[in-house]
Number of protein chains: 2
Amino acid sequence: MFDINPSDPAPIWKQIEEGLRRLITLGTLQPGESVPSVRDLARDLRVNPNTVARAYQRLSDAGVLAVRRGEGTYVADEPTRPNRAHRTEVLRDAANRYASAALSVGVQLDEAVAVLEASFDKLVAVHRRKG
Amino acid sequence: MFDINPSDPAPIWKQIEEGLRRLITLGTLQPGESVPSVRDLARDLRVNPNTVARAYQRLSDAGVLAVRRGEGTYVADEPTRPNRAHRTEVLRDAANRYASAALSVGVQLDEAVAVLEASFDKLVAVHRRKG
DNA sequence: CATGGTGTACTAAGGCGTTAGTACACCATG
DNA sequence: CATGGTGTACTAACGCCTTAGTACACCATG
């Protein structure tokens with residue numbers, strides 16, 4: 001489905017939340033489609049079920065996922081889209097972290113852009129492979 | 001000198017380490033030049049001296065900073081440069097995080113590149129202002 | 001020599017993330 | 001109705017990060 005990076009300082013529940021949002025915006029997960037159960041995804045990612053549950057609950061509160069009690073969790077029929085303010089904030093923060101990391105190891109803008117394109121291609125390719 | 005982002009999941013000592021490496025590679029801090037004392041930088045960043053000390057010690061172990069006991073800490077005469085393997089690893093990881101964040105909020109490559117350029121410009125501008 | 005600033009070391013406490021284990025209410029299925 | 005899978009909730013424990021406080025050895029300065 002997607003990968004978790006244990007060495008990433010970002011919390012695992014946040015990586016799961018981001019990964020699911022990514023698959024939804026890319027169309028890999030479509031409205032009404034079911035997502036893996038808490039226990040299944042936890043086993044798949046080699047992570048504790050509580051951590052997955054935390055991500056699912058946050059996405060449900062945000063209106064991205066919909067829970068049918070006793071049955072399972074599904075992508076909402078009309079998944080909530082982040083507004084412009086939140087989107088630009090997330091993007092600027094992430095860009096600052098990337099630029100800082102690049103400059104700290106002596107990498108210029110052009111090379112940073114090239115590597116960024118490769119990362120984009122890889123993630124979109126995962127999308128095309130349906131998982 | 002540089003900024004610390006308390007909401008960044010990355011440890012503060014790592015942000016300090018990265019910030020100093022960035023200023024050195026940009027030339028804002030030149031070989032032989034002195035860096036602020038542990039207590040001064042801690043007061044400046046509103047952070048505990050222990051946290052700054054941790055970053056200084058790691059940079060000293062890496063050969064980027066040189067400590068003169070009882071006197072202060074300085075940029076090494078020939079600061080160690082990260083090798084290609086480490087550089088590409090850091091860059092790829094950071095690029096993956098940025099690409100993932102962008103796609104999770106529905107941002108395409110072109111917009112992500114534009115925002116990245118802005119971040120680069122901002123950091124380099126800080127460099128030109130000598131701090 | 002006395003003072004003050006330097007890096008360094010140590011302990012104690014609190015917060016957050018993660019894991020582990022257990023338990024419950026819910027619902028589809030047979 | 002019994003079973004099994006679903007999300008959810010709770011406690012306990014561990015580790016890492018951070019803060020706070022104290023203390024030490026070192027050295028430049030006056």
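Please read all numbers here as calculations on a predicted model, not as lab measurements. A note on names: the letters A, B, ... follow the listed sequences, proteins ahead of strands, and every chain is numbered from 1.
- Each ring pair (Phe, Tyr, Trp, His ring centres under 6.0 Å) pair with one or both residues in residues 77-111 of chain A, not counting sequence neighbours, appears once here: Tyr98(A)-Tyr98(B).
- Between Ile16(B) atom CD1 and dT19(D) atom P there is a gap of 9 Å when expressed in whole angstrom units.
- OP1 or OP2 of dT6(C) has at least one side-chain nitrogen or oxygen of Ser37(B) nearer than 4.0 Å.
- Glu17(B) places its CD atom 12 Å from the P atom of dT18(D), with the value rounded to the nearest Å.
- Applying the salt bridge (Lys or Arg N to Asp or Glu O under 4.0 Å) rule to pairs touching residues 5-14 of chain B yields nothing, sequence neighbours excluded.
- In this structure, the CH2 atom of Trp13(A) is 18 Å from the C1' atom of dT8(D), given to the nearest Å.
- In the region residues 54-78 of chain B, proximity to DNA chain D at under 4.0 angstrom, judged on heavy atoms, holds for Arg54(B), Arg69(B), Gly70(B).
- Residue Asn48(A) holds its CG atom at 9.5 Å from CD1 of Ile12(A), rounded to the nearest 0.5 Å.
- With sequence neighbours excluded, the residues satisfying salt bridge (charged side-chain N to carboxylate O under 4.0 Å, His left out) with Asp40(A) are Arg43(A).
- We find that CD1 of Ile12(B) is positioned 11 Å from P of dA20(D), with the value rounded to whole Å.
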Could you list, one pair per line, each protein nitrogen or oxygen that sits under 3.5 Å from a nitrogen or oxygen of nucleotides 21-23 of chain C, together with the distance?
{"from": "dG21(C)", "atom 1": "O6", "to": "Asn50(A)", "atom 2": "ND2", "distance (Å)": "3.3"}

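- Taking a pair as Watson-Crick or G-U with both hydrogen-bonding distances under 3.5 Å, the stems of three or more pairs touching DNA chain C are C:1-30 with D:1-30.
- With sequence neighbours left out, the salt bridge (charged side-chain N to carboxylate O under 4.0 Å, His left out) criterion links Arg39(A) to no other residue.
- For Arg58(B), the salt bridge (charged side-chain N to carboxylate O under 4.0 Å, His left out) partners are Glu17(B), not counting sequence neighbours.
- The side chain of Thr51(A) has dT19(C) as its nearest neighbour among dG17(C), dT18(D), dT19(C).
- The residue among Ala10(A) and Val38(B) whose nearest nucleotide of DNA chain C is located toward the 5' end is Val38(B).
- Sequence neighbours left out, not one pair with a member in residues 12-55 of chain B passes ring pair (Phe, Tyr, Trp, His ring centres under 6.0 Å).
- In this structure, CG of Leu41(A) is placed 12 Å from P of dT6(D), rounded to the nearest angstrom.
- Residues meeting the salt bridge (charged side-chain N to carboxylate O under 4.0 Å, His left out) test with Arg22(A), sequence neighbours left out: none.
- Pairs engaging residues 17-66 of chain B under the ring pair (Phe, Tyr, Trp, His ring centres under 6.0 Å) rule: none recorded [sequence neighbours left out].
- Here CD1 of Ile16(B) is found 5.5 Å from CZ of Phe2(B). Values are rounded to the nearest 0.5 Å.
- Taking atom CZ of residue Arg46(B) and atom C1' of nucleotide dA20(D), one finds them 18 Å apart after rounding to whole Å.
- Under the salt bridge (Lys or Arg N to Asp or Glu O under 4.0 Å) criterion, no residue pair touches residues 87-104 of chain A, with sequence neighbours excluded.
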